[in-house]
Amino acid sequence: MRIFSENEKKFIELLAGRVVARAAGLGAGADERFWEIIEGTLSGKPVKLQKQFKVFLIVIKILSFLRFGRIFERLGASQQEVILHFLQDGPIVIFRKGFWGLKALIFMGYYGRQKIGPEIHYTPSKRGNEMLKP
Amino acid sequence: MITKDYDIVIIGSGAGGGTAAKELAPLVKEGLKIVVLEWGPQFREEEFTGREIEMANRLYFEGGGFLTKDRSMTLAFAKAYGGTTVVYTGTSLVVPKKTVGRWSVPGISWEDLARRSEKYKQENNVHLLDEPLINENNRLFYKGCKELGYSVEQFPLNLRGCQGSGLCNLGCPNQAKQGTNRVQLPQAQKQGVEVVTRCEVKKIDPDKRTIQAVIHSGNGVGLSSAWQPGFYEIHSKVVVVAAGAVNSSALLLRSGLGSRLPALGRYFTVHPALILTAQHDQPVANYYGHPKSYFSSEWAESDRFLLETCAYFPFTTAKNLAGFGPEHGRFMARMDRLQMILVLALDEALGTNRVTIDRDGSPVVDYTITETVINSFIVAMRKSAEIFFAAGAGRVHAPACKKFTIESEEKNEIDRLIAREDFKLGKVSITGAHLMGGCRMGTNETDSVTNSWGQVHGIPWLYVADASLFPKCAEINPYLTIMALADRVAEGVKNRIGELVGQGAINR
Ligand SMILES: Cc1cc2nc3c(=O)[nH]c(=O)nc-3n(C[C@H](O)[C@H](O)[C@H](O)COP(=O)(O)OP(=O)(O)OC[C@H]3O[C@@H](n4cnc5c(N)ncnc54)[C@H](O)[C@@H]3O)c2cc1C
Ligand code: SF4
């Protein structure tokens with residue numbers, strides 16, 4: 001079920017901190033469930049898709065270099081955001097789709113953890129009708 | 001390879017397959033052997049945990065995120081005893097008369113489908129929720145529509161003992177939704193129909209009338225299959241394919257029927273959907289109570305979309321907000337303040353939108369989001385924003401917008417802020433949960449796959465009985481119409497049963 005190297009994980013954690021501001025505190029290996037969800041999901045996908053995902057991570061690094069002359073990790077927060085906004089809103093459809101996939105995976109890892117519920121005021125109940133306002 | 005013999009094999013146990021099984025079940029008394037082959041497992045009641053990722057991976061193909069070929073949209077369809085009825089919301093609408101008119105399939109009349117739909121409304125305990133059980137999210141939609149003078153109707157729902165846990169799309173933990181897993185399959189089994197789960201049908205051999213299937217071993221979750229894991233060859237006199245709109249076409253294509261049936265897999269429609277969100281300044285708590293009470297078909301004719309109430313779980317909500325970073329986080333931090341609306345575009349049936357198969361025989365959905373659909377989305381986002389604000393929302397998020405949120409002070413600028421140039425494929429999350437077509441009904445092979453009784457053209461013993469029969473989209477939530485169509489197919493089989501299985505097989 002291990003899909004990412006330690007370096008790739010570190011990079012995804014950095015991206016996660018930009019995509020979900022609060023995820024900045026995740027830290028390497030700080031939340032195993034985050035990685036269990038991400039790697040568990042990707043491992044069920046075709047190998048081709050896993051590879052494309054890794055290639056997309058490299059694209060982010062290359063783009064950073066082309067735009068700012070430094071790799072993504074060395075950029076300041078605002079420059080990192082410029083890159084991510086370009087991926088999301090720019091004219092290249094394949095980048096937009098790749099970024100959507102990256103975001104979806106990070107959101108899944110972050111918001112898919114059960115323990116996040118109370119923090120985001122999401123507290124469903126099996127007997128929800130009892131909680132309805134009169 | 002283990003061999004088996006049956007008179008009737010039904011492939012798939014969802015809205016279509018479950019209905020066909022129950023309707024054909026009385027034939028067991030007359031001596032016929034009937035089996036339902038279902039890829040997914042039957043889950044135990046306690047296995048419906050309501051945990052988003054766990055249940056999505058358990059219940060849905062590709063965890064609910066089956067990507068179309070160009071990756072513009074994800075499709076949701078389930079793999080379980082009961083098929084997608086295990087995860088549906090239970091809204092139970094009769095297809096509009098106009099829609100059936102637009103299908104224009106000789107032999108299919110609205111009166112016939114409405115009569116059959118009524119039967120399943122009774123069977124599935126369809127009723128309107130009592131007023132005190134309607135939650136704030138739904139009330140706000142109603143209020144917004146009424147204030148603006150838009151039509152709004154209450155959804156009839158097929159519930160028995162609903163506790164309002166709001167987890168319908170993750171499988172009901174209270175077993176309240178009256179899907180085929182609760183109603184039709186148990187009834188069929190009581191009458192002697194066998195249901196074999198974990199059984200993936202690989203191919204039908206049209207010359208030998210045999211089916212090749214694999215029984216998968218379990219992973220500890222769900223009941224084990226009635227058959228041992230392994231490879232099977234099943235002989236059957238009649239085969240009813242009800243594997244859902246993606247998998248029925250894929251199965252028939254794998255079975256080599258593509259060259260005989262040029263329309264196979266084509267005219268695939270999905271009601272492409274957007275999930276829209278607004279934030280109120282006080283709690284809405286859309287996760288308490290049943291999620292879906294109201295809809296509006298105000299724009300069904302003019303702009304080809306429906307608006308429905310909805311409520312989703314944290315990951316699904318996060319994924320459907322177009323954006324990231326602090327502004328996204330601020331929306332997500334107050335899940336209790338979110339109001340949600342689901343947009344369903346009523347997409348055209350195009351020959352180019354279709355199910356194909358890859359080299360391994362797995363389905364590939366080649367679907368293009370058209371300009372017409374995008375235009376429907378733009379109007380729908382503008383109208384929903386108006387409704388959100390009329391309901392008192394503080395800010396609205398539209399996935400195609402110049403800003404992440406439109407504040408209430410900006411409500412007069414909605415049309416400027418949500419414009420065509422802001423709609424970017426890839427950025428906007430588009431989903432499809434109403435998968436239809438691919439084996440459409442009609443009169444001949446050139447533009448259809450079956451006749452109006454679901455019998456595949458040129459193959460008298462092969463039937464289709466699921467959502468793939470739709471000639472064009474259903475224009476409403478489709479399950480009740482799928483049941484009505486499957487009911488017709490079962491009647492067609494029963495009417496020809498002597499001819500199909502041989503008189504000798506009956507009461508043997
Ligand atoms: C989240 C969600 C909410 C929905 N809510 C509503 C609603 O409120 N109201 C409404 O009207 N509709 C709703 N729908 C749509 C509705 O549930 C479907 O349209 C309907 O269930 C489709 O019926 P079907 O028989 O065509 O396929 P399904 O119900 O999908 O059944 C097909 C079955 O075939 C099995 N299968 C597939 N391939 C094979 C194979 N090769 N071998 C063996 N078995 C196979 C699958 O595992 C599955 O169990 C919803 C759908 C979703 C995803
Ligand atoms: S809201 Fe009702 S039907 Fe839906 S999951 Fe909860 S109890 Fe079941």
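Sequence lines set the chain letters: A, B, ... in the order given, protein chains first and strands last, and positions in each chain run from 1.
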Between chain A and each of B/A322, B/G289, B/G50, count heavy-atom pairs under 4.5 Å; write down the option with the most. B/G289
Which region of B/A318, side chain (C-beta onward) or backbone (N, CA, C, O), has a non-hydrogen atom less than 4.5 Å from a non-hydrogen atom of chain A, or is it both or neither? both
For A/I92, does the CD1 atom sit with more than 12 other heavy atoms under 6.0 Å from it, leaving out its own atoms? yes
Strictly below 4.0 Å, N to O, side chains only: are B/E371 and B/R420 in salt-bridge contact? yes
Contacting region of A/K103 [heavy-atom separation from chain B under 4.5 Å]: side chain
Which pairs, with at least one residue in residues 49-62 of chain B and sequence neighbours excluded, count as a salt bridge (Lys or Arg N to Asp or Glu O under 4.0 Å)? A/K45-B/E62, B/R51-B/E54, B/E54-B/R58
Under 4.5 Å from any heavy atom of chain A - which part of B/T316: neither
Structural part of B/L129 lying under 4.5 Å from a heavy atom of chain A: neither
Quick one: CG on B/N169 to OH on B/Y312, what's the gap to the nearest 0.5 Å? 5.5 Å
Most heavy-atom pairs under 4.5 Å with chain A, out of B/P173, B/A285, B/G166, belong to B/P173
Answer with yes or no whether the side chains of B/T356 and B/D366 bring together a donor and an acceptor at under 3.5 Å. no
Evaluate the ring planes of B/F43 and B/F48, with Trp represented by its six-membered ring, and classify them as parallel (under 30°), tilted (30 to 60°) or perpendicular (over 60°). perpendicular
Exactly one of A/F53, A/F34, A/F11 should register a ring-ring contact (aromatic ring centres under 6.0 Å, His included) with A/F4. Which one does? A/F53
How are the rings of A/Y111 and B/H328 set relative to one another: parallel (under 30°), tilted (30 to 60°) or perpendicular (over 60°)? tilted
Interchain contact, A/F99 with chain B, by part (heavy-atom threshold 4.5 Å): side chain
What option among B/G325, B/G63, B/G164 has the most heavy-atom pairs under 4.5 Å with chain A? B/G164
If I measure from the heavy atoms of chain A, does B/D422 come under 4.5 Å with its side chain, its backbone, both, or neither? neither
Has the side chain of A/N129 got a donor or acceptor atom that lies under 3.5 Å from a matching backbone atom of B/C162? yes
Below 4.5 Å from any heavy atom of chain A, which atoms of B/S362 appear? Answer side chain, backbone, both or neither. neither
Portion of B/A56 that has a non-hydrogen atom of chain A nearer than 4.5 angstrom: neither
Heavy-atom pairs under 4.5 Å with chain A: which of B/R71, B/R330, B/K319 has the most? B/R71
Within residues 79-89 of chain A, contacts to chain B at heavy-atom distances under 4.5 Å involve A/E81, A/L84, A/H85, A/Q88, A/D89
Electrostatic pair A/E36-A/R33, nearest N-O below 4.0 angstrom: yes
Tell me, out of A/P124, A/G109, A/P91, who's got the most heavy-atom pairs with chain B below 4.5 Å. A/P124
Scored by heavy-atom pairs under 4.5 Å with chain B, the best of A/M131, A/E130, A/R127, A/K126 is A/K126
Exam field: side chain B/N135 to backbone B/Y288, donor-acceptor pair closer than 3.5 Å: yes
Indicate yes or no for a side-chain donor-acceptor contact from B/H280 to the backbone of B/A278 under 3.5 Å, with no hydrogens or angles considered. no
A quick test of your reading: do over 12 heavy atoms of other residues, nucleotides or ligands sit less than 6.0 Å from NZ of B/K69? no
Please flag which part of B/P132 lies under 4.5 Å from any non-hydrogen atom of chain A: side chain, backbone, both or neither. backbone
